[in-house]
Amino acid sequence: MRLNADFTKRAVVHAASVPWIASPMKGVERRMLDRIGDEVARATSIVRYAPGSHFSAHNHDGGEEFLVLEGTFQDEHGDYPAGTYVRNPPGTSHTPGAEDGCTILVKLWQFDPDDRNQFSRDSTAMDWIASASQPGVEKIQLHTDARETVRMERWASGTTINHEPEGGAEILVLEGSFQESDEAFSTWSWLRLPPGAPLRAVAGPEGCKVWVKEGHLADIQQSPLS
């Protein structure tokens, strides 16, 4: 399968209006944002676990990162409530599930092969920091290295965003809305901008909270079956 697989082009998925697709595991469904491959794939997806559902134990040969959007994600390493960001680098493994159900944004096979930095961060326990260069913008830094940065941002009502992402960017709306290229983005809308493309956006009347990943599209990691 190839979905939004041309990383030189802008891509958009308004995921709240996309049908859920069953996974091979009962009770686990997904909304695909981009994908190269079948069940082993370089993929970005929103995944929903029904209460009591679990995936079987598996290794992360290409790494996995995820953000818990709703509910509490669980594995043998702990419980991860909404707002938690987790990085499981190549070589790690777990048995994921959700006793009470949950929804996550998950990215597979997109790590630097040499990255071994495994961690989780609860963004709800972190302080928002006002941007020195962008009035009306606050940020929480979730991860940064030489290849990429991952953060959350809050944009005040009507704030104009003029940003030049280095190495491309992905943005997922967590709350509120914004306008970009005469298109409306609301909760769970996803935007991918290729390297060299600027972000020109205006926050909606209720403001906007977004997850942002920047820099990683300059070095595309592929699944072994791509």
Review point. What closest approach, in Å, do V86 and S120 show between heavy atoms, and which atom pair accounts for it?
Key: CG2-CB, 3.7 Å
Review point. Roughly how far, to the nearest 0.5 Å, is the OG1 atom of T187 from the NZ atom of K209?
Key: 10.5 Å
**Study point:** Connected via hydrophobic side-chain network under 4.5 Å: W109 and L67
**Key:** no
Point to revise | Any I46 side-chain heavy atom under 4.5 Å of L105 side chain | key: yes
Review point. Hey, is the main chain of A15 close enough, under 3.5 Å, to the side chain of R31 for a donor-acceptor pair?
Key: yes
Point to revise | Euclidean distance, E138 CD relative to D127 CG, rounded to 0.5 Å | key: 10.5 Å
Review point. Between D34 and R42, is any pair of side-chain heavy atoms under 4.5 Å apart?
Key: yes
Study note, to complete from the structure: Here the gap from M1 atom CE to I36 atom CD1, rounded to the nearest 0.5 Å, amounts to 12.0 Å
Exercise for review: Mind telling me whether F185 and F178 have parallel, tilted or perpendicular rings, with 30° and 60° as the class edges?
Suggested key: parallel
Review point. So, Q110 and T44: side-chain donor and acceptor under 3.5 Å apart, yes or no?
Key: yes
Point to revise | Candidate pair K213 and E170, rule salt bridge (Lys or Arg N to Asp or Glu O under 4.0 Å), full reasoning | key: CA-CA 5 Å; K213 183 177 174 75; E170 292 179 55; over 6 Å; no
Exercise for review: Report the C-alpha distance between T72 and D100 in whole Å, list the side-chain angles of each, state the deciding distance to 0.1 Å, and finish with yes or no for side-chain contact (heavy atoms from CB on, under 4.5 Å).
Suggested key: CA-CA 7 Å; T72 299; D100 297 321; over 6 Å; no
Review point. When rounded to the nearest 0.5 angstrom, what is the spacing between CG in D38 and CZ in R2?
Key: 11.5 Å
**Study point:** Close side-chain approach of V173 and C208, heavy atoms under 4.5 Å
**Key:** yes
Review point. Is there a donor-acceptor contact under 3.5 Å linking the side chains of E206 and S177?
Key: yes
Review point. For H143, which of F111, F119, Y85 qualifies under ring pair (Phe, Tyr, Trp, His ring centres under 6.0 Å)?
Key: F119
Check your understanding: Mind checking whether S189 and L191 have side chains closer than 4.5 Å, heavy atoms only?
Key -> no
Exercise for review: Would you kindly confirm whether L33 and V150 end up in one hydrophobic cluster when ILVMFWY residues are joined by side chain heavy atoms under 4.5 Å apart?
Suggested key: yes
Point to revise | Greater than 12 external heavy atoms within 6.0 Å of D219's CG | key: yes
Check your understanding: L3 and I220: same hydrophobic cluster, using ILVMFWY side-chain contacts below 4.5 Å?
Key -> no
Check your understanding: Rounded to the nearest 0.5 Å, what separation is found between the OH atom of Y49 and the CZ atom of R30?
Key -> 10.5 Å
Revision key, fill the gap. Between E76 and S93, the two heavy atoms sitting closest are OE2-O, 4.3 Å
**Study point:** Passing option when K139 is tested against Q134, R154, M152 for side chain to side chain contact (heavy atoms under 4.5 Å, CB included)
**Key:** Q134
Point to revise | Of all pairs that satisfy salt bridge (charged side-chain N to carboxylate O under 4.0 Å, His left out), the ones with a partner from residues 77-98, not counting sequence neighbours | key: E65-R87, R87-D115, R87-E148
**Study point:** Exam field: side chain N59 to backbone D61, donor-acceptor pair closer than 3.5 Å
**Key:** no
Practice item. Check whether any side-chain N or O of R121 sits under 3.5 Å from a backbone N or O of L142 as a donor-acceptor pair, and report yes or no. Key: yes
**Study point:** Backbone of A197 reached by a side-chain donor or acceptor of R10 within 3.5 Å
**Key:** no
Exercise for review: Determine whether W190 and V18 make a side-chain contact, defined as any pair of heavy atoms from C-beta on separated by less than 4.5 Å.
Suggested key: no
**Study point:** Non-hydrogen atoms of S53 and G27 that approach each other most closely
**Key:** OG-O, 3.6 Å
Check your understanding: Between the main-chain N or O of E64 and the side-chain N or O of N88, is there a donor-acceptor pair closer than 3.5 Å?
Key -> no
Review point. Would M25 end up clustered with M32 when hydrophobic side chains under 4.5 Å apart are linked, directly or stepwise?
Key: no
Exercise for review: Please check if any side-chain donor atom of H94 sits under 3.5 Å from a side-chain acceptor atom of Q74, or the reverse.
Suggested key: no
Check your understanding: Taking the side chain from H54 and the backbone from G52, do they hold a donor-acceptor pair closer than 3.5 Å?
Key -> yes
Point to revise | Contact check, side chains of I171 and E180, non-hydrogen atoms, under 4.5 Å | key: no
Exercise for review: Could you check if a side-chain atom of L172 sits within less than 4.5 angstrom of a side-chain atom of L69, using non-hydrogen atoms only?
Suggested key: yes
Point to revise | Contact summary for Q179 and D182, nearest pair of heavy atoms | key: NE2-C, 3.8 Å
Practice item. Determine yes or no for a side-chain-to-main-chain donor-acceptor pair under 3.5 angstrom, with S23 supplying the side chain and V28 the backbone. Key: yes
Review point. Will you find, in the side chains of E214 and H163, an N or O donor that is under 3.5 Å from an N or O acceptor?
Key: yes
Check your understanding: Under a 4.5 Å side-chain heavy-atom rule over Ile, Leu, Val, Met, Phe, Trp and Tyr, are M126 and W128 clustered together?
Key -> yes
Exercise for review: Report yes or no: does H14 contribute a side-chain atom to a donor-acceptor pair with the main-chain N or O of V12 at less than 3.5 Å?
Suggested key: no
Point to revise | Which atom of A156 lies closest to which atom of A203, heavy atoms considered | key: O-CB, 3.3 Å
Check your understanding: Rounded to the nearest 0.5 Å, how far does CD of Q141 lie from CZ of R151?
Key -> 6.5 Å
Check your understanding: So F66 and F73, would you call those rings parallel, tilted or perpendicular, with 30° and 60° as cut-offs?
Key -> tilted
Practice item. Report yes if some heavy atom in the side chain of R116 is under 4.5 Å from a heavy atom in the side chain of P90; otherwise report no. Key: yes
